[in-house]
Protein chains: 2
Amino acid sequence: MRYAVIMAGGAGTRLWPAARRERPKQLHRLIFERPLIAETVHRLAAAYPIERILIVTAARYAAAIRDAVPDLPAQNILSEPFGRNTAAAIALAAFRIARDDPDAVFAVFPADHMILKPDALFRALEVAEDLARRHRVVDIGVPPSHPETGYGYIELGERIATQDGVEAFSVRRFVEKPDRQTAERYLAAGNYIWNSGMFAWRASAYLDALREHLPETYDLLGPAITSDEEALADAYGQIPDISVDYAIMEKTSDVVAVPVDFGWRDIGDWAALYDMLDHDAAGNAFSGDHVALDTSGSLVVAPGKLVATIGIEDLVVVEDGDVLLVMRRDRAQDVKKVLDRLRATEREEFL
Amino acid sequence: MRYAVIMAGGAGTRLWPAARRERPKQLHRLIFERPLIAETVHRLAAAYPIERILIVTAARYAAAIRDAVPDLPAQNILSEPFGRNTAAAIALAAFRIARDDPDAVFAVFPADHMILKPDALFRALEVAEDLARRHRVVDIGVPPSHPETGYGYIELGERIATQDGVEAFSVRRFVEKPDRQTAERYLAAGNYIWNSGMFAWRASAYLDALREHLPETYDLLGPAITSDEEALADAYGQIPDISVDYAIMEKTSDVVAVPVDFGWRDIGDWAALYDMLDHDAAGNAFSGDHVALDTSGSLVVAPGKLVATIGIEDLVVVEDGDVLLVMRRDRAQDVKKVLDRLRATEREEFL
């Protein structure tokens with residue numbers, strides 16, 4: 001049996017004001033037909049039976065996710081009382097899956113990444129899941145196209161298998177987001193790939209690794225997942241806040257990586273969203289009705305509005321509820337500074 | 001007795017999307033505390049008793065004007081069945097005033113101009129109204145500060161009076177909006193002033209001029225103003241659509257002009273509104289709550305929204321109802337092109 005586990009706990013603050021504290025990025029449509037989480041489930045449903053797709057999310061988003069993905073069985077939405085990072089979130093899913101089928105293999109997916117070539121990904125996943133039956137964990141990586149400084153990298157060792165045209169390599173090490181010079185070196189070396197945050201495990205292998213590296217989490221969460229909400233909240237209160245990368249991946253031997261170009265896009269901020277969209281002849285991406293005069297290189301997201309633009313270039317305009325954001329596209333990272341300012345001036349209601 | 005007549009029929013399309021077909025400029029707050037028409041009435045109420053302030057407007061705006069200016073007696077709002085330009089609108093007011101007091105003097109004001117130095121204007125108006133008792137019409141003009149091509153000009157003749165420090169001149173001629181070169185010549189000549197669209201008449205003098213130059217309007221409107229709506233609509237259907245400037249002023253001898261610098265601002269478009277506002281140290285004018293990072297020279301009007309701007313300069317951003325406008329400030333005239341485009345693509349609902 002194979003399962004897909006979608007991690008849907010994060011907030012995505014650089015996509016403010018679409019993403020808010022009370023309605024994170026994965027619950028927003030952005031410029032798509034459906035909320036991101038529904039896009040992700042719909043995409044995975046081509047490869048996984050819907051009853052074996054699980055979503056791990058924060059309890060306060062659970063109802064909204066149920067509404068966004070009505071065809072997913074309600075018990076497939078696993079609620080965390082509060083966020084304790086990815087090691088715990090994946091543990092929640094692994095305990096659930098192992099309860100029914102300890103030998104099942106599951107793949108972990110972020111809720112808010114775009115996949116432009118799903119068929120390539122699904123082909124690689126079948127190989128990855130097959131390898132996960134014999135190895136501890138299989139990482140899905142992406143061959144780098146440019147010296148990106150915003151992602152972590154995986155250094156590959158020797159090739160250990162080729163199956164259905166998909167190659168698999170041993171992993172030498174995981175490396176943090178590099179500086180520009182280092183990223184260029186990685187790109188030139190040829191044996192570094194981007195860490196996509198997708199991996200495949202046997203449920204029992206994840207729990208073995210958890211017991212070895214995070215024994216408290218193993219001991220506390222295992223019994224708690226079958227008890228009531230209060231017991232789960234108690235357990236969460238006592239487990240460490242740590243990512244699966246730090247806690248497990250980097251300490252685990254026998255890690256395999258499968259590099260695959262599946263058109264991966266992390267919709268990290270508005271500039272990244274602009275980059276992944278189709279543009280008109282003047283390089284604009286508009287969501288909704290608009291009249292554009294002498295407008296170029298701009299992204300406009302203002303659901304339900306007519307937007308008129310005159311003489312602008314390389315701007316991002318986002319209107320969402322009670323907030324309007326207008327910025328130069330190359331300043332997309334500075335959305336965080338606006339949020340800092342709002343916090344500093346006690347305008348939390350806009351976060 | 002002295003009356004103030006406010007002309008409030010126009011639409012102000014260059015201030016779209018704040019000004020719309022169904023809610024013209026004078027009914028909008030823009031960035032002020034009250035709608036423009038209420039600002040105008042409030043300002044004039046410092047010089048004229050409220051019961052002698054009249055508003056001439058289109059019937060479809062009458063109810064909204066009543067709401068915007070609740071302290072004005074309802075019968076002081078004169079409704080035109082539809083617009084027939086300024087000669088007819090002023091005639092409506094003149095007939096009403098003459099019915100009570102043919103020797104009354106009235107001054108005509110646009111609804112949507114700003115007056116930054118009202119005391120200077122009121123001093124000039126007293127002189128103008130005094131002169132209107134002995135001359136046919138007295139025009140309030142503005143000494144030009146720059147070679148403006150957007151206004152009509154008045155060529156002055158000899159000085160005919162000085163009263164309370166206010167000078168009055170005979171008028172040689174009215175001239176249309178000039179080209180740049182001509183405007184520069186006018187400025188250098190020193191005897192040309194801007195035509196502000198404000199003038200003072202005796203009611204009887206206006207009606208005499210009307211009888212002379214627009215006899216149909218005189219004959220049809222006079223009886224109609226005391227009858228029912230239908231009779232007035234009938235009369236309006238038969239009278240010419242012509243401005244007071246073309247129909248009367250330019251054909252009338254014995255016109256006097258009073259130049260006065262009263263801080264006149266025609267809020268013609270968003271750039272003009274920006275110019276007349278106070279700016280912060282970076283040259284911005286914001287209406288409402290905002291967070292501005294590296295933002296300069298920009299006007300933002302988005303009532304009820306938090307607006308965040310990052311790295312922008314010299315922009316105008318206006319959010320109003322179902323429309324969002326983002327443009328370079330020096331393109332404010334091109335709002336008309338957007339309206340043309342909307343008409344051409346049958347999106348009349350946004351006009």
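Atom set for the values below is all heavy atoms of this structure, side chains included, hydrogens, waters and symmetry mates excluded.
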*Identify which part of V317(A) has an atom lying under 4.5 Å from any heavy atom of chain B, answering side chain, backbone, both or neither.*
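For V317(A), the contact with chain B is made by the side chain alone.
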*Would you say E313(B) has more than 12 foreign heavy atoms packed within less than 6.0 Å of its CD?*
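12 or below, so no.
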*Just wondering, more than 12 heavy atoms not from E346(B) lying within 6.0 Å of its CD?*
no
*Can you tell me how far the CG atom of L306(B) sits from the CG atom of L325(A), to the nearest 0.5 Å?*
9.5 Å
*Pick whichever of G304(A), A332(A), A308(A) has the most heavy-atom pairs under 4.5 Å with chain B.*
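Of the candidates given, the most pairs with chain B belong to A308(A).
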_Residue among R328(A), K305(A), R341(A), E319(A) with most heavy-atom pairs under 4.5 Å to chain B_ = K305(A)
*asked:* Among D294(B), L293(B), I310(B), V291(B), which residue satisfies the side chain to side chain contact (heavy atoms under 4.5 Å, CB included) criterion with K337(A)?
replied: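 Going through D294(B), L293(B), I310(B), V291(B) one by one, the side chain to side chain contact (heavy atoms under 4.5 Å, CB included) with K337(A) is satisfied by L293(B) alone.
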*asked:* Looking only at heavy atoms and a cut-off of under 4.5 Å, which of V318(B), L315(B), D322(B) has the most pairs with chain A?
replied: D322(B)
*Nearest non-hydrogen partners of H290(A) and R347(B), listed with the distance*: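 Between these two residues, the closest heavy atoms are O-NH1, 3.6 Å.
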_Heavy-atom contact with chain A under 4.5 Å, split by part of A292(B)_ =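 For A292(B), the backbone is the part near chain A, not the side chain.
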